[in-house]
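Presented below is the structure to which this report refers.
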Amino acid sequence: MMNAQVEPLSDKEIEERLAELPGWSVEGDSLRRHYLFHGHVPAVAMVVHIAQIQEELGHHADLTLGYNRVGIAVNTHSIGGRVTHLDFGLARRIEDIAPGHGVR
């Protein structure tokens, strides 16, 4: 659920938070990451796990599924598509379920 007090992060705050999430980057106005897998089923499973986390948090990313690849792009739509702490919270939760899977 979106909080009316959610504010965009400054460039410095984004840089500090990115340092804690190797493999993630900000491109345009989105926090992004790609994961590679050994086949289609593991990639699909990752999408299902991410969907469950998104529902729990009430915050959703744009997901792109390929044969063995999952792409994630997230920003906070309710404040004009800017990067916020909500996006980094989702990214951290995704990293927690994907140890060793990510190859940029």
Side-chain angles (χ1 to χ4, degrees):
M1 311 231 158
M2 295 297 112
N3 181 334
Q5 298 182 339
V6 172
E7 297 286 335
L9 296 174
S10 69
D11 290 343
K12 181 175 175 24
E13 290 170 317
I14 289 171
E15 184 178 319
E16 289 170 356
R17 291 175 187 232
L18 282 174
E20 299 170 4
L21 286 171
W24 289 83
S25 63
V26 172
E27 298 171 26
D29 286 331
S30 294
L31 182 60
R32 297 178 182 268
R33 176 82 153 96
H34 292 97
Y35 293 93
L36 292 176
F37 297 88
H38 296 289
H40 188 60
V41 173
V44 171
M46 179 70 168
V47 168
V48 171
H49 289 294
I50 292 170
Q52 291 170 330
I53 291 168
Q54 291 178 140
E55 287 298 301
E56 178 186 324
L57 295 178
H59 191 61
H60 299 81
D62 292 326
L63 305 177
T64 305
L65 174 65
Y67 169 72
N68 65 343
R69 183 179 183 98
V70 175
I72 302 159
V74 63
N75 62 35
T76 302
H77 299 285
S78 64
I79 62 160
R82 303 283 303 278
V83 176
T84 71
H85 74 277
L86 298 172
D87 307 310
F88 277 95
L90 176 58
R92 169 54 49 210
R93 290 286 304 275
I94 292 169
E95 280 297 299
D96 288 347
I97 65 163
H101 289 299
V103 178
R104 273 184 67 79

Please give me the minimum heavy-atom distance between [X] and [Y], naming the atom from each residue.
X     : Y     : result
Val6  : Ile79 : O-CG2, 3.6 Å
Ala98 : Met46 : CB-CE, 3.2 Å
Arg92 : Glu20 : NH2-O, 2.7 Å
His34 : Gly71 : CD2-CA, 3.6 Å
Ala91 : Leu21 : CB-CD1, 3.8 Å
Ile97 : Ile50 : CD1-N, 4.3 Å

### Task
Kindly indicate, with the supporting measurements, whether the criterion side-chain contact (heavy atoms from CB on, under 4.5 Å) is fulfilled by Val83 and Phe88.
CA-CA 8 Å; Val83 176; Phe88 277 95; 3.6 Å; yes
### Nearest-0.5 Å distance, CZ of residue Arg17 to OG1 of residue Thr84
8.5 Å
### Interatomic distance, Trp24 atom CH2 to Arg32 atom CZ [nearest 0.5 angstrom]
10.5 Å
### Message
Leu18 vs Leu31, test: side-chain contact (heavy atoms from CB on, under 4.5 Å). Steps then yes/no.
### Response
CA-CA 9 Å; Leu18 282 174; Leu31 182 60; 3.7 Å; yes
### Query
Can you check whether Leu57 reaches Arg93 side chain to side chain, under 4.5 Å on heavy atoms?
yes
### Query
Can you check whether Asp87 reaches Arg82 side chain to side chain, under 4.5 Å on heavy atoms?
no
### Query
Who are the side-chain hydrogen bond (donor to acceptor under 3.5 Å, both in side chains) partners of His85, not counting sequence neighbours?
none
### Task
Assign the ring pair Tyr67 / His40 to parallel, tilted or perpendicular, where the plane angle (0 to 90°) is split at 30° and 60°.
parallel
### Query
Within a radius of less than 6.0 Å around CD of Glu15, do more than 12 heavy atoms belonging to other residues, nucleotides or ligands occur?
no
## Note on the structure
side chain to side chain contact (heavy atoms under 4.5 Å, CB included) filter on Glu13, not counting sequence neighbours, yields Leu9, Ser10
### Message
Restricting to side chain to side chain contact (heavy atoms under 4.5 Å, CB included), what partner residues turn up for Ala61, sequence neighbours left out?
### Response
Gln54, Leu63, Ile72, Val74, Leu90
